[in-house]
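Lettering of chains follows the sequences in order, A, B, ..., and the numbering in each one begins at 1. Excluded from the calculations below are hydrogen atoms, water molecules and symmetry mates; all remaining heavy atoms, backbone and side chain alike, are included.
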There are 4 protein chains.
Amino acid sequence: MATTRPVDASRRSGRARSAIHRAALDLTTEVGFTNVTVEAIAARAGVGKQTIYRWWSSKGAVVFDALLAANENAAGTLDLPDTGDVVADLRGVLRTMVAELAEPANDRLQRAVTAEIQHDRALAGEVVERLLRPQVDAIVARLRRAQEVGQLPPAADPAIVAELLIGPVFHRWLLRTGPLDPAFADSVVDHTVGTPGLGSADSAAV
Amino acid sequence: MATTRPVDASRRSGRARSAIHRAALDLTTEVGFTNVTVEAIAARAGVGKQTIYRWWSSKGAVVFDALLAANENAAGTLDLPDTGDVVADLRGVLRTMVAELAEPANDRLQRAVTAEIQHDRALAGEVVERLLRPQVDAIVARLRRAQEVGQLPPAADPAIVAELLIGPVFHRWLLRTGPLDPAFADSVVDHTVGTPGLGSADSAAV
Amino acid sequence: MATTRPVDASRRSGRARSAIHRAALDLTTEVGFTNVTVEAIAARAGVGKQTIYRWWSSKGAVVFDALLAANENAAGTLDLPDTGDVVADLRGVLRTMVAELAEPANDRLQRAVTAEIQHDRALAGEVVERLLRPQVDAIVARLRRAQEVGQLPPAADPAIVAELLIGPVFHRWLLRTGPLDPAFADSVVDHTVGTPGLGSADSAAV
Amino acid sequence: MATTRPVDASRRSGRARSAIHRAALDLTTEVGFTNVTVEAIAARAGVGKQTIYRWWSSKGAVVFDALLAANENAAGTLDLPDTGDVVADLRGVLRTMVAELAEPANDRLQRAVTAEIQHDRALAGEVVERLLRPQVDAIVARLRRAQEVGQLPPAADPAIVAELLIGPVFHRWLLRTGPLDPAFADSVVDHTVGTPGLGSADSAAV
DNA sequence: GGCTAAGCGAGACGGTACGTCTTGTCTTTAG
DNA sequence: CTAAAGACAAGACGTACCGTCTCGCTTAGCC
């Protein structure tokens with residue numbers, strides 16, 4: 001060509017970065033995190049291994065960075081719906097959570113993440129802060145509004161209640177202790193914020 | 001064990017078996033599951049690698065079998081104390097759970113197990129059935145007794161309530177979303193079976 | 001056999017012995033000596049490994065014992081034909097030798113033997129004495145008769161001449177330095193005992 | 001080298017290559033070819049196993065490549081002395097050959113080579129062409145000069161005569177059919193090119 | 001004709017080496 | 001001058017055999 005374009009190094013490096021992100025995510029869902037190799041990511045991304053090692057410290061770091069980047073882009077709003085009925089709203093939230101975890105690609109990816117952060121505290125912190133925390137905060141906010149309108153006793157700690165909701169779903173999903181379906185989601189919500197008098201036989205007797 | 005290949009087990013060397021178990025557990029707590037190698041286990045146990053591969057299919061299988069065997073031996077009774085006060089009893093159970101997870105060696109081992117079973121469904125099933133299930137069942141039994149004496153509303157599903165108790169603890173431990181201390185254990189119990197009227201603002205208002 | 005350990009041979013199972021012999025020979029021609037394993041011989045013969053190790057000291061010992069036993073059975077007489085024409089007779093001998101070495105199964109087996117005896121002096125001795133020596137002796141005997149009837153100069157050492165005949169054929173076969181065909185066999189005989197005056201230009205000039 | 005896999009050799013590390021060559025040769029003479037292992041070569045050379053497997057296909061290939069390289073360096077001239085007396089000259093050649101084969105380190109190495117090339121045709125070809133052929137060619141050249149000056153009958157084929165000289169020495173050495181000493185070397189030369197009339201009793205009678 | 005010592009088939013055992021794979025660093029080469 | 005391509009040292013992988021060692025079970029031969 002007559003006019004050769006000047007090589008823009010910053011743009012090129014961005015190309016490599018996103019190619020690596022894409023390759024990392026694709027490979028993880030295709031063969032599972034354990035079977036992903038740095039070499040495979042480099043090959044798939046059309047990139048030298050050194051280009052990966054220059055910016056990331058390990059396979060884990062690459063894949064999570066990719067995951068976080070993807071999530072951040074797709075983030076959108078995390079405001080929970082507020083129909084005025086906190087039980088109905090939370091049922092919706094937990095049903096969504098259950099549905100997402102049931103989706104195979106998601107399930108695989110989340111399990112890989114959960115497994116991996118068990119031996120990398122730094123990654124763990126980042127994943128929790130950037131993927132999980134926003135979700136929890138949204139629930140806490142919704143619970144606070146419920147408290148304001150008297151749908152939740154003032155004594156209840158919204159932060160604890162949020163964990164009471166998320167914890168069992170997470171537990172059942174991760175350990176497969178039972179079927180993870182909408183019915184379970186509803187049960188958790190009902191036992192936590194829905195059933196009057198669950199807290200004590202006395203109140204039920206009232 | 002279920003995780004072993006069904007060869008002729010009658011000729012199996014008990015000496016080798018227990019040496020491998022011990023080596024596997026020791027190494028896992030010493031260097032962490034990820035850094036354990038089959039070769040190291042074999043060397044430490046004074047055993048040929050083939051003797052490991054003859055009876056187990058992977059590093060994971062060895063370590064879990066070791067863990068399960070150790071737990072089975074130490075099992076003893078799983079009956080929860082029944083002081084008549086279900087809230088107090090459950091506080092005790094969760095405080096114990098929290099304390100155990102706080103113990104470094106235990107923490108490491110449990111995290112390794114949890115991470116590993118994410119990519120081995122067979123192991124996952126076994127771990128859940130043999131390590132977790134008994135614990136859950138004991139809590140369910142205790143809850144049922146509470147129901148019989150009117151400390152828990154008849155409408156509550158003891159199985160769900162048990163997960164409401166365990167789930168949040170597990171979640172906070174695994175993801176380190178917050179401090180895992182006795183206070184948190186108490187909070188979970190209180191919000192789940194202790195606080196009258198948590199279930200609804202109405203009942204609290206009564 | 002000399003290569004076996006002197007246990008109590010009276011109880012020895014003939015069935016096992018011959019099954020091992022057969023398996024050893026078959027496997028050697030099938031996959032080559034290097035790829036034969038004691039375990040494979042045992043399996044093929046339907047025999048425990050210990051039964052082999054009880055009577056032989058190594059894979060080599062088994063295969064050679066098998067080979068020697070087979071040869072001894074098939075031995076018959078080694079008398080060379082004596083048509084009165086020593087050149088014609090030796091051409092026949094060498095042509096036969098060449099033809100046998102050209103036969104693939106034989107070629108493989110002989111090469112395996114030759115390779116193996118390079119690192120087992122005891123086996124080497126036995127192979128030479130029991131497989132090679134009779135052949136050489138037969139040639140020497142024929143040469144002596146030729147000498148008696150004046151077809152070979154009295155000064156020639158029949159033992160040396162025999163090696164002059166066998167050596168080149170063996171050399172060309174083992175190292176594949178050239179085509180091993182009847183023409184070569186004839187050439188060797190002719191240059192050694194056939195061509196008048198090969199020995200010196202003077203005699204040729206006579 | 002012909003025994004290597006045709007990867008991109010331009011990037012190859014000369015340091016690794018020669019360290020491997022040296023280690024291979026040293027180990028072979030120290031413990032014998034059979035007891036040499038690729039792992040030991042790698043360890044001794046301070047090299048990863050993969051670096052060996054990247055460029056050679058087997059232990060044999062490494063050792064021979066090392067041997068060939070060493071021989072090529074040390075090659076020098078292969079011109080045989082020409083004193084005018086072909087018998088004396090050839091006696092010298094064969095005595096040298098005998099002496100070299102009698103030297104223990106050499107004996108071990110040559111036997112190992114000879115054994116090994118029995119199950120690797122490619123290696124066999126290379127060894128013959130690069131180690132043996134030059135030697136044979138030198139003898140053939142000397143014989144041709146002898147023919148020109150009438151010390152060898154024109155009818156004799158120098159190539160065959162060369163094999164008549166080398167073959168028996170090789171045969172006796174490899175199979176240990178008898179003492180390999182200078183006397184034998186002389187005998188072979190005398191019976192082949194030295195003794196007038198060995199070819200026929202008639203010429204002797206003249 | 002029963003006892004007993006052996007040989008037997010089987011195969012687990014502690015080992016060694018195999019040839020492959022991946023890691024993270026270092027080096028070459030082409031654009 | 002940079003970055004792809006990929007060689008390198010290291011070391012674990014899971015497999016194949018080694019030669020030794022029990023196991024029960026024939027089976028031979030001496031009492």
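OP1 or OP2 of E:dG9 has at least one side-chain nitrogen or oxygen of C:Arg15 nearer than 4.0 Å. Residue D:Trp55 has a polar side-chain atom (N or O) positioned under 4.0 Å from OP1 or OP2 of F:dC8.
B:Ile52 places a side-chain heavy atom less than 4.5 Å from the side chain of B:Val47.
A cation-pi arrangement is absent between D:Arg17 and D:Trp55 under the rule of less than 6.0 angstrom and at most 45 degrees off the ring axis. Taking the ring axis of C:Phe33 as reference, the NZ or CZ atom of C:Lys59 stays within 45° of it and closer than 6.0 Å to the ring centre.
Rounding to whole angstrom units, CD1 of residue B:Ile20 and P of E:dA12 are separated by 13 Å. Atom pair C:Arg17:CZ and E:dC8:P shows a separation of 10 Å (rounding to whole Å applied).
Here the CD1 atom belonging to C:Ile41 is positioned 13.0 Å from the OG1 atom belonging to C:Thr51, to the nearest 0.5 angstrom. The CZ atom of C:Arg130 sits 4.5 Å away from atom CD of C:Glu126, with the distance rounded to the nearest 0.5 Å.
Residues from residues 27-35 of chain B with heavy atoms under 4.0 angstrom of DNA chain E: there are none. Of the residues in residues 39-54 of chain A, those with a non-hydrogen atom less than 4.0 angstrom from any atom of DNA chain E are A:Glu39, A:Lys49, A:Gln50, A:Tyr53.
Where B:Val38 and C:Val36 each meet DNA chain F at their nearest nucleotide, the meeting point lying more 5' is that of B:Val38.
With salt bridges taken as basic N to acidic carboxylate O contacts below 4.0 Å, none links D:Arg111 and D:Glu116. The pair B:Glu39-B:Arg44 fails the salt-bridge criterion, with no side-chain N (NZ, NE, NH1 or NH2) lying under 4.0 Å from an Asp/Glu carboxylate O.
Nearest heavy atom pair, residue B:Ala16 against residue B:Ser13, reads N-OG, 2.9 Å.
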